[in-house]
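For reference, the structure is listed below as structure tokens.
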Amino acid sequence: NILAVDPNDRVHLTQQDVRILYEAKSLDQNLKPTWEREVRFMGVLSSSCRGQVMSLKENGLGKTSAEAVTHVLSQNTHYSVLDLSGNRLRDGGAAAIAQLLESLSLIHI
């Protein structure tokens, strides 16, 4: 069936996950959340978080976003690869990701 979506190509994020990640990104960038920006961010997520890969590289993410990613991934067993390269996580964000890695052995960075 041409219209069937390959399970390995699905986005495994809920609407709540998207909202959490977007609001954290807005805080990190000191931007007022808007519907237009959220829709653009949903587009980024839909193209870069498919199958087992959550790629959020070069998205202007900081400590708050890293904490949001850990929250989302702590409840989501679909992703096993995480790419946060090119972001500004700093020590606090890196520490949050490190805690996630200690608790989940399935994530590869």
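Position 1 is the first residue of the sequence; numbering continues from there.
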Point to revise | Val44-Val72 co-clustered via ILVMFWY side chain contacts under 4.5 Å | key: no
Practice item. Over all heavy atoms of both residues, which pair between Ser46 and Gly43 is shortest? Give the atoms and the distance, please. Key: OG-O, 3.0 Å
Exercise for review: Test Tyr79 against Leu13 for side-chain contact (heavy atoms from CB on, under 4.5 Å), laying out the working first.
Suggested key: CA-CA 10 Å; Tyr79 295 106; Leu13 295 170; 3.7 Å; yes
Review point. For Ser74, which residues count as a side chain to side chain donor-acceptor pair (under 3.5 Å) partner, sequence neighbours excluded?
Key: none
Review point. Is a side-chain donor or acceptor of Asp83 paired with a backbone partner of Leu56 at a separation under 3.5 angstrom?
Key: no
Revision key, fill the gap. Rounding to 0.5 Å, atoms CG (Leu27) and CD (Gln29) come to a distance of 10.0 Å
Exercise for review: First locate atom CE of Met54, then atom CG of Asn76, and finally report the distance between them rounded to the nearest 0.5 Å.
Suggested key: 6.5 Å
**Study point:** Main-chain N/O of Ser55 paired with Ser48 side-chain donor or acceptor, under 3.5 Å
**Key:** yes
Review point. Roughly how far, to the nearest 0.5 Å, is NE2 of His78 from CG of Leu73?
Key: 11.5 Å
Exercise for review: Run the numbers on Asp17 and Thr14 for side-chain contact (heavy atoms from CB on, under 4.5 Å), then give the verdict.
Suggested key: CA-CA 5 Å; Asp17 293 339; Thr14 66; 3.1 Å; yes
Point to revise | Straight-line distance of His12 NE2 to Cys49 SG, nearest 0.5 Å | key: 10.5 Å
Practice item. Please say whether more than 12 non-hydrogen atoms of neighbouring residues, nucleotides or ligands are located less than 6.0 Å from CD in Gln15. Key: no
Point to revise | From Met42 atom CE to Leu21 atom CG, the distance as rounded to the nearest 0.5 Å | key: 12.0 Å
Check your understanding: Taking only residues at least two apart or on different chains, which pairs with a member in residues 33-44 satisfy side chain to side chain donor-acceptor pair (under 3.5 Å)?
Key -> Arg19-Glu38
Exercise for review: Check whether any side-chain heavy atom of Val69 sits under 4.5 Å from a side-chain heavy atom of Ile97, and report yes or no.
Suggested key: yes
Exercise for review: Give, for atom CG of Leu100 and atom OG1 of Thr70, the distance between the pair rounded to the nearest 0.5 Å.
Suggested key: 6.0 Å
Check your understanding: Considering all heavy atoms of both residues, which atom of Leu45 and which atom of Val11 are nearest to each other, and what is their separation?
Key -> O-CG2, 4.3 Å
Check your understanding: Got a sec, which pairs hit side chain to side chain donor-acceptor pair (under 3.5 Å) with one end in residues 59-69, sequence neighbours left out?
Key -> Asp28-Thr64, Asp28-Ser65, Lys63-Glu67
